[in-house]
2 protein chains.
Amino acid sequence: MTTSTRHLILILLRVQPMTGYELAQNTKISVDPLWSATHSQIYTALQKLEEEGLVARETAKRGERMEKYVYSLTPAGRDAFRVWLREPIKPLPNRDPFRLWAAHIDECPPEVVFRNIDEYIQRHVELAERLDRAALTFIRGEHPLIQARMGRMSDEALERLKRTRAMIYREAAAKARFEAESGRRIRAFAQELYPDYEPNEYDD
Amino acid sequence: MTTSTRHLILILLRVQPMTGYELAQNTKISVDPLWSATHSQIYTALQKLEEEGLVARETAKRGERMEKYVYSLTPAGRDAFRVWLREPIKPLPNRDPFRLWAAHIDECPPEVVFRNIDEYIQRHVELAERLDRAALTFIRGEHPLIQARMGRMSDEALERLKRTRAMIYREAAAKARFEAESGRRIRAFAQELYPDYEPNEYDD
DNA sequence: AACATCATGTAATCGGTTACATGATTCA
DNA sequence: TGAATCATGTAACCGATTACATGATGTT
């Protein structure tokens, strides 16, 4: 099955019931490097999932006047997660905008070349750091998505969970570091292509 | 600007005028690891690009009875490529179905775990080989998309082009090898999680 | 009083996927 | 004669992006 926003929601709601807003927050602060989604996507997917009976909506107070909606998994929703987990993984089509662009740096002005490559490297260096930090909070049991499960899982199961998540976030960090390294190699190649180019500014 | 099928077409038509079928073939056999597109996408994108005046359509004979359409870049199309090449690269949102799945292997039956991981590894090993071979045909000047340009570019420009493409395809191969290695590490972790699991069959 | 954050949504559009549909040409 | 390849498209659908839209609550 093709993985989509629906599965992200199923994954997060297994941890605990949440509002759409909380789903969007948890996605942004934690799952985003593996699977990203905007709040629009999440709210519309929640509506469909509720129609299909995979999630249930409860109304809660927010402040004095307003209401918010707390979603939780139904048994059908838990099943849907189990089914997804057992299916073959459908890979996404290859789409690599950076390397598609970089295949043409021989015809691109050097200032653009170095600007794009440096941005790429920096983005992945930061991502790697963020993922390594996340891996640590998993293994230490400090991650909010782990803490929410404490007491509701056996110690052994929780230990396996921590180690598995930490391992995957470390692998995602390794991937980001690979991308940064690849960017550096491409940069070195670009310097051979444009040996005379001297960047004027170093101000960031 | 967001990279899409349109840019793939602009890139390929810079080499030489082609039919939609040839664009789809060249994508499949060569560009696919960097950017993939189906023939449906290509035909519909060609229509839009023609409306916008970025490509021009000429009618040619196919066999006795039928006609085919050969598309070429207009000056506006060449400009659009130049603009795309000079813009900041807009990264795609992170979507990594394999690691999103693998973050849950602690709750997944071991036969599914090893089946999915092994498929992932094998797919990337094959991709890496394919990309290394492509890199070689670039550097040797044997690649069809290079040969089509011979005589229409200066020797130096052609040399830079060959080296740049070969470098990028080698980087894409390195990325595929990284993914295979990452898969192997995840597999090793899974063997710690499921020490008692013995696969019954080795028949592929 | 102003700003950040919490909280919820809709709508237009875009780009991509999948399935459907057709038929000629070429080679074994 | 049959299969592979060449060749072109349409249509329904899906999922994601972007912009629009609103308003309460909590903090400085």
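Chain A is the first sequence line, chain B the second, and so forth, proteins listed ahead of strands; every chain is numbered from 1.
- In this structure, a donor-acceptor pair under 3.5 Å is present between the side chains of A:Glu171 and B:Ser182.
- Taking the charged nitrogens against the carboxylate oxygens, A:Asp132 and A:Arg170 have no contact shorter than 4.0 Å, which rules out a salt bridge.
- Rounded to whole Å, atom P of D:dG9 lies 12 Å from atom CG of B:Leu23.
- With salt bridges taken as basic N to acidic carboxylate O contacts below 4.0 Å, none links B:Arg187 and B:Glu192.
- Picking from D:dT8, C:dC6, D:dA16 the nucleotide with the shortest atom distance to the side chain of A:Gln25 gives C:dC6.
- Toward the 5′ end of DNA chain D lies the nearest nucleotide of B:Glu67, the other residue of the pair A:Ser36 and B:Glu67 mapping further downstream.
- The interatomic distance linking B:Ile9 (CD1) with D:dT8 (P) rounds to 12 Å, in whole Å.
- Contact check, A:Gln47 against C:dT8: no side-chain N or O comes under 4.0 Å of OP1 or OP2.
- Following rounding to the nearest Å, B:Tyr21 (OH) and D:dT5 (P) show an atom-to-atom distance of 8 Å.
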All N/O pairs under 3.5 Å across the protein-nucleotides 11-15 of chain C interface:
none

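- Straight-line distance from the CD atom of A:Glu58 to the P atom of C:dT8: 14 Å, rounded to whole Å.
- Looking only at atom types and distance, the side chain of B:Gln122 has a donor-acceptor partner in the side chain of B:Glu126 under 3.5 Å away.
- For the pair B:Tyr43 OH and C:dA19 P, the computed distance is 19 Å after rounding to whole Å.
- In this model, the phosphate group of C:dT8 is not approached by any side-chain N or O of A:Arg57 to a distance below 4.0 Å at OP1 or OP2.
- In summary, B:Asp106 and A:Arg163 do not engage in a salt bridge, as defined by a charged side-chain N under 4.0 Å from a carboxylate O.
- One atom, CE of A:Met1, and another, P of C:dT18, lie 14 Å apart when rounded to the nearest Å.
- Ring centers of A:His104 and B:Phe81: under 6.0 Å apart, within the cut-off.
- Residues passing the ring pair (Phe, Tyr, Trp, His ring centres under 6.0 Å) test with B:Tyr194: none are found, sequence neighbours excluded.
- Summarising the geometry, the separation between CZ on B:Arg95 and C1' on D:dC14 is reported as 13 Å, rounded to the nearest angstrom.
- Under the side chain to side chain donor-acceptor pair (under 3.5 Å) rule, B:Glu181 has a single partner from B:Arg184, B:Arg185, B:Arg177, which is B:Arg184.
- Between its two ends, the helix from C:dA1-D:dT28 to C:dA28-D:dT1 turns its axis by 30°, counting five pairs per end and rounding to 10 degrees.
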Under-3.5 Å N/O pairs linking protein and nucleotides 21-23 of chain D:
{"from": "D:dG23", "atom 1": "N2", "to": "A:Arg62", "atom 2": "NH1", "distance (Å)": "3.3"}

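- For the pair A:Lys68 NZ and C:dT8 C1', the computed distance is 12 Å after rounding to whole Å.
- The side chain of A:Lys90 lies closest to C:dT18, out of C:dG16, C:dT18, D:dT8.
- Between the side chain of B:Thr164 and the backbone N or O of B:Arg160, at least one donor-acceptor pair lies under 3.5 Å.
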Does the side-chain contact (heavy atoms from CB on, under 4.5 Å) test come out yes or no for B:His7 and B:Met1, once each step is laid out? CA-CA 10 Å; B:His7 306 103; B:Met1 205 194 307; 3.4 Å; yes

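- Here side chain to side chain donor-acceptor pair (under 3.5 Å) pairs that include residues 78-88 of chain B, with residues two or more places apart or in two chains, are B:Thr3-B:Trp84.
- Note on ring orientation: taking the six-membered ring where Trp is involved, the planes of A:His124 and A:Tyr120 are tilted (angle from 30° to 60°).
- Residue A:Thr38 places its side chain closer to D:dT17 than to any other of C:dT17, D:dT17, C:dC6.
- The residues B:Lys68 and B:Glu58 are annotated as not salt-bridged, no charged nitrogen and carboxylate oxygen being separated by less than 4.0 angstrom.
- At a threshold of 4.5 Å between non-hydrogen side-chain atoms, the residues B:Glu119 and B:Arg123 do not count as touching.
- Within a heavy-atom distance below 4.0 Å of DNA chain D, no residue of residues 77-89 of chain A is found.
- Using a 4.5 Å heavy-atom cutoff, the side chains of B:Leu127 and B:Pro33 are in contact.
- Using a 4.0 Å heavy-atom distance criterion, B:Lys61 is classed as making no nucleic acid contact.
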